[in-house]
Amino acid sequence: MVRAFNPRTQEAEAGGSLRVRGYPGLQNEFQDSQSYTEKPCLKKQNKKEMWARALRVRFPVPLDRGRGFASKAGPQGKVQEVRQGTHSPRLASQGAGRVPAAKIEHLERLALVNFGSREAVARLEKAIAFADQLHALDTDGVEPLESLLEDRCVYLRSDNVAEGNCTEELLRNSHHVVEEYFVPLPGNVSLPDMVNKTPSPTAE
Amino acid sequence: MEGELSGVLNRRCVEAAVMTGLALNCHINKKSLFDRKHYFYSDLPAGYQITQQRLPIAANGHLTYSVYMGKKRSQMTTKTVRIKQIQLEQDSGKSLHDDLRSQTLIDLNRAGVGLLEVVLEPDLCCGEEAAIAVRELQMILQALGTSQANMAEGQLRVDANVSVHHPGEPLGVRTEVKNLNSLRFLAKAIDYEIQRQITELENGGEILNETRSFDYKLGCTVSMRDKEGKQDYRFMPEPNLPPLVLYDATSLPADADSQQVVNIDQLRDMLPELPSATRERLVQQYGILPEHSFTLLNEVGLLEFFQSVIKETRAEPKRVINWVLNTLLYYLKQQNLAVSESPVTPAALAELLDLLDSKAISSSAAKQVFEELWKGEGKTAAQIVTEQQLELMQDREALEQLCQAAIDGHPQVVMDVKNRNPKAINKLIGLVRRTSLSRADPTLIKEILERKLSL
């Protein structure tokens, strides 16, 4: 199974935890002082404003499968926000939805993940159902939180070379090297040169 | 320094992006965002590329370029291609295909280095237009110092999206053509692909939305399509990069750290002269035609050559431009040489033009001298003139005698001249030139002949 993800950001696997802004209790994995202390931004943030905004999306009860929700139940069904430019398949799940086999294959190719067993697929379906609980939330007029860094500005560094010249050290990372080039597993090549096709990701 | 969670961006990249956006008449977004574009390829070790898909740094601009139409390519029209957006992104590594051992070799030196992607709208109609537009973009980037934009070295990479449709109908299915490492191949590949698509459709086939590679040896595009079908890049906001915030004179915070502040207005004031302005200035400054100006900028090194000659010669700019474009450039093109490889130096040409200007030699003699200089044997123009005895006759009387001799020796031609046959006088002039061993100024010969024949 091959996967690539940054361990510091939202987790990619099924059943990952949910992060909610303004609810420190749920943020144990993300506990760092940076989110709620002085931001080294150019404009000083009004703390009261920030909290006021956050409270509007507050859950009446902690999210947990099996428990009921309070008051507002938003529309269930399709994923609300569509990212521009992506052609991601809409995984519409109705209740305990099944993900069709073709979709599973597609996901496997995209993510190079091996859903080798029926249990793995079931776990995926449960994860989707779990995440679908978000639709219970009324987010009208609330901008999505895309990053905890949204109130900051990216730090600009000066155009100076500070490191480098570590060719040997870097090449040592790979066991297959040819004349200072890394040699990967065979992959995409243009058709006329086709000698090795992409191996099936499920054939591990 | 803060930022265990936060990534860091090179300031020079931002400045380059803003200046390029301004030069291309774009709207600069004071706040832009970063995203991750996921796909698997061996030259992308992280499995994703950071880019600006949702909200790029600049958008909605245009690039103006000139096309020369007509048989003699003398009619100039201005065309525009719209710029959809300019985005900052990370470069991937470079892959080389080792066909011998059926493996791919990966060079990661450039992986992660910042680059700018300029996205054009489909306003271009053929390979030639695309090449001219990209050439203009190349010159703008070079003038700005954003990039040296050398296509052969991969400093400027171009992927062409090509589709065909009947007039009035919506755009057809497009293919993406890659592996274009020169303007010539860019034009060739686009024209090939247009024709391929037309032929395919006319034969009742369909165009697949696929990626094709340009095979420069065969002069055709080849499908690179693999079985996976359309890519799903699963764009997501880049969690490690906060928004990029830019300022202008009105929004500049008072107590800001100048290292952290990029001021759009300040950068706008620092914009250098762009090619279009340079071309106009040359027309005004030297009294040359717009087409001349266009060629001077279009050929690498030609403007510098021209200006060096101007500096060292007494001759008029109009004469200099004539020799630079019609003689020097002609010779260079004949032998497929770059200006930097010219065997004739600016100094040599300047000396030649001085001789011509002072009427020490005739223009036909000057052409002979140029031919000799082109051999690159190190002789100066003056030396060649002496060696080949090309100096113009200074003896007016001797010339008059030659003219008289020609008149006396060719009564039939004289008759034709007197009968107002327009070609006859040239024949007579030619005769005198021959007897004078091309050492007489044809205009002077004509003048003498006409006087003698009382015309």
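Convention: sequence-line order gives letters A, B, ...; per-chain numbering from 1.
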Rounding to 0.5 Å, atoms CG (Asn160(A)) and CZ (Arg11(B)) come to a distance of 12.0 Å
I'd like to know whether CD of Glu121(B) has more than 12 heavy-atom contacts from other residues, nucleotides or ligands below 6.0 angstrom.
yes
With a 4.5 Å cut-off on side-chain heavy atoms, are Val183(A) and Leu105(B) touching?
yes
### Message
Between Tyr181(A) and Ile106(B), is there a side-chain heavy-atom distance shorter than 4.5 Å?
### Response
no
request  = For residues Leu108(B) and Phe182(A), determine if any side-chain heavy atom of one lies less than 4.5 Å from a side-chain heavy atom of the other.
outcome  = yes
Minimum side-chain heavy-atom gap Gln260(B)-Cys153(A) below 4.5 Å | no
Answer key: most heavy-atom pairs under 4.5 Å with chain B among Glu180(A), His176(A), Arg157(A) is Arg157(A)
Greater than 12 external heavy atoms within 6.0 Å of Tyr216(B)'s OH:
no
Q) For Asn165(A), does the CG atom have more than 12 heavy-atom neighbours from other residues, nucleotides or ligands under 6.0 Å away? A) no
Rounded to the nearest 0.5 Å, the CG atom of Leu96(B) sits from the CD atom of Glu179(A) at a distance of 10.5 Å
Tightest non-hydrogen contact, residues Leu149(A) and Pro243(B), listed as O-CD, 3.6 Å
Between Pro184(A) and Thr104(B) the two heavy atoms that sit nearest each other are CD-O, 3.0 Å
The interface call for Arg101(B) against chain A, heavy-atom contacts under 4.5 Å, is side chain
Query - Side chain proximity check, Leu156(A) to Leu244(B), heavy atoms < 4.5 angstrom - result: yes
Got more than 12 heavy atoms from elsewhere within 6.0 Å of CZ, Arg196(B)?
yes
